[in-house]
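Numbering of ligands and ligand atoms starts at 1, following listing order.
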Amino acid sequence: MQFIETRGNDGVLEKKVNFSHAILNPSASFGGLFVPETLPFLGEEFLNKHLESSYKDLALDFLKEFNIDIKDEELQKAVDLYDNFDDKTNACPLIKIEDDLFVHEQYHGPTRAFKDMALQPFGSILSSLAKEKGEEYLILAATSGDTGPAALHTFRDKEGIKVVCLYPDGGTSDVQKLQMVCEDATNLKVIGINGNFDDAQAALKNLLASQSFKDELKKDGIKLSAANSVNFGRIIFQVIYHIHSYIELLRQNEIFMGEKIYLIVPSGNFGNALGGYYARLMGIPIEKILIASNENNILTQWISTGIYDIRDKELKLTSSPAMDILKSSNIERIIFDLFGPSRTKELMSDLNDKNIFILNENEIKKVQEVFNATYSDDEYASKTIKKYSEKSYIMDPHTATCLKAYEDLKDKDLKAVMYSTAEWTKFSSTVLNSLKEDENKYTDKEALEIISKDYNMKIPNSIKSLFSAKINHNTVINKQDIEEEITKFIRK
Ligand SMILES: *Cc1c(COP(=O)(O)O)cnc(C)c1O
């Protein structure tokens, strides 16, 4: 399997690369992304073959279909990490909450959010490549709260990899912050920034673009790589769970083989939704993918009108921070698949230069054949959490946005799978406000204890133990000092 570039080739970089190249050096010509040249077709035969498979066996066979340049034993090691999820055989349980609506819980991994689904195996593969090549990579991550813990966890003590993780001080939940600052591996550095997530992300982008910074790293023999969701090494693992949710519906006798289903995806950078799009192309019977957003509703605007316009948009801070986004990177891969490289380059330059791009009538129709989108506000999420708690199901605020898409957009009498991307334990104070219909400021510790007692909910040990863990990272600095801090860490 070879990988090609979404914005075409600049004549300098290789025209086609293999998987390991695409994940170690994820930036393609003209600032584009890598995409698979072709996708294997799976369809019913593959589904039938895996009716009895564990999640990891399904994942392994899926990866083999892609025929990538990673040794079988490394693939095996990567998928073995799903053994550490709550249920060894079933990484993502599928729970029925309405006659035609099912929640696929993607948060049963070590850091209790869906980032683990891809970052756990991805980390294993990336570090095995670094080791094999005898190279040292620095991974820079900026996080609004879920990517950071998942990236740190997967790379802890991994040979050939150093990770620096920037987070906005005061901008994450207590639990998310503790998950980062209590990490104690020597190859990890966690830095709080005085500012918001945008500041952290902008600082990181500047560094990635800075030649003097790269030159400094070179002196130490270190290369830069990235673990954000534009890396195809994460996307490949995000196709698998969409196939798994279909198989779970078959197992639970909720659908017959070939029956179409809806997917409902709470979206930010569109990695999750892109995985569903690829699963559909690969022959999984998916009617449509319904996109749920919060008040940062750029995806709703784009999918309903074809216009992606961020000229006058400001980021709003919502109760679902992992979906607070203006530039959703992975829609580029959808645009490439539908309209090809030269059109993708054109539209992406418009977005870069003018902060707007516009699809024509024909193009809008093509997008709408697969996607439909809507959004909701924090009040809607709060009421939804309350409503389902009365049916004994506790969900987090990101998950709650899916119900709006279920209500507004599901226009056929087919079953729907909605994705739960975080456990309630990561956003417990917001969840408690919803349950109690109050606006008190609870610490996460208080909220966890109250919810666990009043609603008989289990708190996983990985969360409970955070409150007595030793804090190993207490660096909080201003943006302009980031580069110096990173250099210090590398040379220590
Ligand atoms: C990252 C994240 C999302 C958004 O997923 P994308 O793949 O970026 O669209 C949604 N919910 C939670 C809890 C997340 O951590």
**Student:** Note the single closest protein heavy atom to atom 12 (C) of ligand 1, along with its residue, its atom name and the distance in Å.
**Tutor:** T421 OG1, 3.3 Å
**Student:** So Y308 and W302, would you call those rings parallel, tilted or perpendicular, with 30° and 60° as cut-offs?
**Tutor:** perpendicular
**Student:** If the cut-off is 4.0 Å to any non-hydrogen atom of M323, which atoms of ligand 1 fall inside it?
**Tutor:** 10 (C)
**Student:** Return yes or no for this condition: an N or O of D396 is under 3.5 Å from an N or O of ligand 1.
**Tutor:** no
**Student:** Between N228, V265, N272, I235, flag the one that comes closest to atom 7 (O) of ligand 1 by a heavy atom.
**Tutor:** N272
**Student:** Hey, which atoms in ligand 1 end up nearer than 4.0 Å to a heavy atom of G271?
**Tutor:** 6 (P), 7 (O), 9 (O)
**Student:** Could you list which atoms of ligand 1 come closer than 4.0 Å to a heavy atom of P266?
**Tutor:** 4 (C), 10 (C)
**Student:** Salt bridge between D184 and R156, side-chain N to carboxylate O under 4.0 Å?
**Tutor:** no
**Student:** Should the ring pair F232 and F19 be called parallel, tilted or perpendicular, given that the plane angle runs from 0 to 90° and is split at 30 and 60?
**Tutor:** perpendicular
**Student:** Just one of D444, T172, D169 clears the side-chain hydrogen bond (donor to acceptor under 3.5 Å, both in side chains) bar with K177, so which one?
**Tutor:** D169
**Student:** Could you tell me how the ring of Y419 sits relative to the ring of H242: parallel (under 30°), tilted (30 to 60°) or perpendicular (over 60°)?
**Tutor:** perpendicular
**Student:** Please determine if D146 and K426 form a salt bridge, counting it only when a charged side-chain N lies under 4.0 Å from a carboxylate O.
**Tutor:** yes
**Student:** Should E98 and K391 count as an ion pair when the cut-off is N to O under 4.0 Å?
**Tutor:** yes
**Student:** Within ligand 1, which atoms have a heavy atom of K115 less than 4.0 Å away?
**Tutor:** 1 (C), 2 (C), 3 (C), 14 (C), 15 (O)
**Student:** Using a 4.0 Å cut-off to any heavy atom of D146, which atoms of ligand 1 qualify?
**Tutor:** 12 (C), 13 (C), 14 (C), 15 (O)
**Student:** Is F114 in polar range of ligand 1, meaning some N or O pair under 3.5 Å apart?
**Tutor:** no
**Student:** Please determine whether a side-chain nitrogen of the Lys or Arg among D174 and K445 lies less than 4.0 Å from a carboxylate oxygen of the Asp or Glu.
**Tutor:** no
**Student:** Students should be able to answer this: which protein heavy-atom is nearest to atom 9 (O) of ligand 1, and at what distance?
**Tutor:** G268 N, 2.7 Å
**Student:** Output the list of atoms in ligand 1 that are nearer than 4.0 Å to some heavy atom of S267, sorted by atom number.
**Tutor:** 9 (O)
**Student:** Is it the case that ligand 1 has an N or O less than 3.5 angstrom from some N or O of N269?
**Tutor:** yes
**Student:** Does a side-chain N-to-carboxylate-O contact under 4.0 Å join D86 and R112?
**Tutor:** yes
**Student:** What atoms in ligand 1 come closer than 4.0 Å to a heavy atom of A422?
**Tutor:** 13 (C)
